[in-house]
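One structure is given below, encoded as structure tokens.
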2 protein chains.
Amino acid sequence: MNPKAKRLPLESESSDGIGLSLGQQVRAHVLEKIDSGEWREGDRIPSESQLADQFDASRMTIHIALRDLAVEGVLVRRQGAGTFVAARRRQSTFLELRNIHSEIEERGNRHTTDVISLERVHCDMGLATEMNVAPGSELYHSVLLHRENGRPLQIEDRFVNPRFSPDFLEQDYTQITPHQHLMATGPLEEVEHIIQAVPADERSRELLVMAPGDPVLLLRRRTWSRGMVATSARLYHPGSRFSMAGRMVVAR
Amino acid sequence: MNPKAKRLPLESESSDGIGLSLGQQVRAHVLEKIDSGEWREGDRIPSESQLADQFDASRMTIHIALRDLAVEGVLVRRQGAGTFVAARRRQSTFLELRNIHSEIEERGNRHTTDVISLERVHCDMGLATEMNVAPGSELYHSVLLHRENGRPLQIEDRFVNPRFSPDFLEQDYTQITPHQHLMATGPLEEVEHIIQAVPADERSRELLVMAPGDPVLLLRRRTWSRGMVATSARLYHPGSRFSMAGRMVVAR
DNA sequence: TGTATTTAGTTGTATATACGTTTAAGACAT
DNA sequence: ATGTCTTAAACGTATATACAACTAAATACA
């Protein structure tokens, strides 16, 4: 690299990095490439030297920026091989977006889905609050029954914001899960979970083939994407056949 | 600092850092000081220059080591002020060690505890497996009723390994919670949580003053410390008055 | 006494350089 | 086709230096 004038600290002229230090610009650049999807999981990103040329920075500056991202788990670096986009961080079991499909398959069992209903609805006040839309707005509503080896395990009662997923009703939910479709539709930004034990209502008792007196373990989940409530789901499970477990090693 | 001979990479002579790079030695040193309790939360640690002298390293080497620890959340660094030991990382709501006392107080309510029983027991096969001790071993057993503003909210049914906390039975659980006592007894290493919805048994219905048909939200928790199962607890909550909620922003 | 101002100390950022370590791919011989 | 060797490329670690930015305490001043 040619000798270059000392740059004025904290005074950067780059088009997309106003006010950011060089290292921060590099960081932002990498995160933007990943967020935009241009660089995907496992992709190799440009080498330190290439980025150093591109940003007119020294290799050490690039090195430290990438190193930080590696410590944070965004990148994986392999000496001699290169720098790669890390696999998305797994969340802890409870807060993980529990995907009934993967869950069942991980146990080596067969997952099937019955579509109970799939329709447009207009929301009432309560639902409008829940989905953060205007009362009376159109929403998509699906009710599915998930089975493990034929045995009912979960009723998925879901409302979807059409603005988030306009083609939600056109999918074949015997083939993919709404979860899969929605995850492919937009980036997950925030999740809210509420766990409750409730008495079984009639629909649950019938669809889930529950014994009298057996309560329901209800998981309510709202997810945010692109700044809106993308979907709100109620997941009903038979208390006698379903529990949620998580184990964690305490940090430090 | 005096000019010093180039050190042979990866060949360190320090007493407690055999085979570790300089940066790793610094890292290990800092973590050891924190783990041993010599440096506590909020303490200011030696400056980069002091550590550089101490390790006969350049300030940049120290800087990068401390910077990494800051990214990981072990340290907090304030330009101009110094480097401090960070507060212990909070865990996410679900997996957080839910402490009924803080939970109630955070809502601005009054927490009281009834001691239902507190005794020595000898464990059967199932309990021995659960606590990972020999069948017939002595265990401590406590049953407490936690109230929020006088209203029953949780039955805490707990077994404790005497080897972990020999003085468990001598505490006054109307004043402190077992949770507080146990946390002060040893470092938390691992936690297992299982959440279930179960029909209310007679004891729960009575103690928790539950309506007929109201199910119990049961949280089972085992914690490991110093390599053993320190305690196993069953926390019973009235389904109609209790839910667990958690909200998280998705990483990245 | 109370308020600015200065100053020493500390971290933040960046560069240029040097050499070690690891990986993957190509060359080559078998 | 297979295995070995070489080599270029990529990351890892460390140093010395320079200056910017910030903080807290000391100092000067009104």
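Order of the sequence lines sets the chain letters (A, B, ...), proteins ahead of strands, with each chain counted from 1. Since this is a predicted model, take the numbers as computed values, not measurements.
A close approach under 4.0 Å does occur between a side-chain nitrogen or oxygen of A/Arg44 and OP1 or OP2 of D/dA10. In this model, the phosphate group of D/dG12 is approached by a side-chain N or O of A/His63 to a distance below 4.0 Å at OP1 or OP2. For B/Ser58, no side-chain nitrogen or oxygen approaches OP1 or OP2 of D/dT17 to under 4.0 Å. Residue B/Arg78 places no side-chain N or O under 4.0 Å from the OP1 or OP2 atom of D/dA21. Using a 4.0 Å cut-off, no side-chain N or O of A/Ser49 falls inside it from OP1 or OP2 of D/dA10.
For the pair B/Gln79 CD and C/dA14 P, the interatomic distance rounds to 12 Å; values are reported in whole Å. Between the C1' atom of C/dA14 and the CD atom of A/Gln24 lies a distance of 13 Å, rounded to the nearest Å. Rounded to a whole Å, the CG atom of A/Leu75 is 11 Å from the P atom of D/dG12. B/Leu51 places its CG atom 12 Å from the C1' atom of C/dT10, with the value rounded to the nearest Å. One can place CZ of B/Arg27 at 15 Å from C1' of D/dT13, the figure rounded to the nearest angstrom. What separates CG of A/Leu20 from P of D/dA21 is a distance of 14 Å, to the nearest Å. At whole-Å resolution of the value, CD1 in B/Ile64 and C1' in D/dG12 are 10 Å apart. Rounded to a whole Å, the CD1 atom of A/Ile62 is 18 Å from the P atom of D/dT13.
At a cut-off of 3.5 angstrom, counting only N and O atoms as typed in the model, there is no donor on one side facing an acceptor on the other between the side-chain of A/Glu48 and the base of D/dA10. In the interface, the side chain of B/Arg59 is paired with the base of C/dG12 through a donor and an acceptor atom under 3.5 Å apart.
Here the side chains of A/Glu72 and B/Val71 are in contact, with some heavy-atom distance below 4.5 Å. Between B/Ile45 and B/Leu66 there is a side-chain heavy-atom pair separated by less than 4.5 Å.
The side chain of A/Met60 sits closest to C/dT15 out of C/dT15, C/dT11, D/dC11. Taking every side-chain heavy atom of B/Arg77 into account, C/dT11 is the closest of C/dT11, D/dT13, D/dT15. Distances from the side chain of B/Ala81 to the nucleotides D/dC11, D/dT23, C/dT11 place D/dT23 closest.
Side-chain N or O atoms of A/Arg158 include none that pairs as donor or acceptor with a backbone N or O of A/Thr231 at under 3.5 Å. Looking at B/Thr113, its side chain never comes within 3.5 Å of a backbone N or O of B/His146 through a donor-acceptor pair. The backbone N or O of B/Pro162 lies less than 3.5 Å from no partner atom in the side chain of B/Ser165, so there is not a single donor-acceptor pair.
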